[in-house]
Amino acid sequence: MSRNYTISATVAWFLFDTQCPALDTRRMPLPPDYHMHTPLCRHATGEPAEYARRAVELGLTEIGFSDHAPMRRDNFDGWRMNFSQLDEYVEDIRRTQKDFPRLTIRLALEVDYLPGQEDWIRELAARHHWDYFIGSVHYVSDSWAVDDPQKLSEWKNRDAFEVWTIYFERLTRAAETCLFEIIGHADLPKKFGRRPPRDCAPLYEKFLDAAKKSGSAIELNTAGLRKDCREIYPSREILRLAFEKGVPVTFGSDAHAPGEVGMNFAEAVRLARGTGYRECCRFARRKREWFSF
Ligand SMILES: [Zn+2]
Ligand SMILES: [Zn+2]
């Protein structure tokens, strides 16, 4: 990757990860955790201050709350805040920023991308001074979110390659909209361990070309390590292609509880460095900066 940039963060904190003994002797700067939730989404526990406290304990210098954004229709599903709670969410995060003045805390949303939602996403973007949006695809149809454990039986009727194809087509469209600084957990359909027995590289290439063109980053999301797939999202294969194409990265734990903040970041940093990455993105008021790790 070649590019001109300035490092605006002074990296003063280092990670000592007891979850990965092989890394005990290495001192590594801990990248910002840009993917964490709040109880407003109805399936996370712990107040934002507890997440922030955990981040400080770990030596993180920067985090970002990116809770599940409301849909235009409040009863779209059962795992996001209602639109009427959006201002409350922003107030919660602003209060946490005041309570932790030495920790940089970003205000963000994880926004579901479904085709046709573009205007709604623009309306959300205009409502507050967000630092970034994570664009995520969970839904491969209007009613099936591939990561929903309640809908696990759907997989029985589906060909995995067909699911991968629809998923990556949507992810590609998400990147093409230029509505998102970050594209979330890029190979989420592997969550339950089902994978197509076919080469998916053409799907990945098309998505990553769109991400490169739009300037979107992709996130290394460590939640996959806590799921049946036992692997960071995205796979090493996708990350390698991303590096070759010059697509930048961010890091996220996808924490739904304070104890998950920064979880397995040593492994994520090792994966990123092993692929060639030495820096990740930071965002302030939707402008990109860089952080070396
Ligand atoms: Zn969630
Ligand atoms: Zn997600």
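Order of appearance sets the numbers: ligands from 1, and atoms from 1 within every ligand.
A donor-acceptor contact closer than 3.5 angstrom is absent between the side chains of His185 and His35.
Among the backbone and side-chain atoms of His35, none of the N, O or S atoms lies under 2.8 Å from the Zn ion (ligand 2).
Considering only residues two or more places apart in sequence or on other chains, Arg106 meets the salt bridge (charged side-chain N to carboxylate O under 4.0 Å, His left out) condition with Glu62.
Taking the side chain as every heavy atom from C-beta outward, Leu179 and Phe133 never approach each other to under 4.5 Å. Side-chain contact check for Tyr89 versus Leu109: some heavy-atom pair is nearer than 4.5 Å.
When atom types are taken as modelled, the side chain of Tyr51 and the backbone of Ala257 share a donor-acceptor pair closer than 3.5 angstrom. Without hydrogens or angle criteria, Arg278 side chain to Arg273 main chain gives a donor-acceptor distance under 3.5 Å. No side-chain donor-acceptor contact under 3.5 Å links Thr275 to the backbone of Tyr277.
For the Zn ion (ligand 1), the count of nearby protein N/O/S atoms, taking only those under 2.8 Å, is 3.
Angle NE2(His185) to the Zn ion (ligand 2) to NE2(His138): 90° [nearest 10 degrees].
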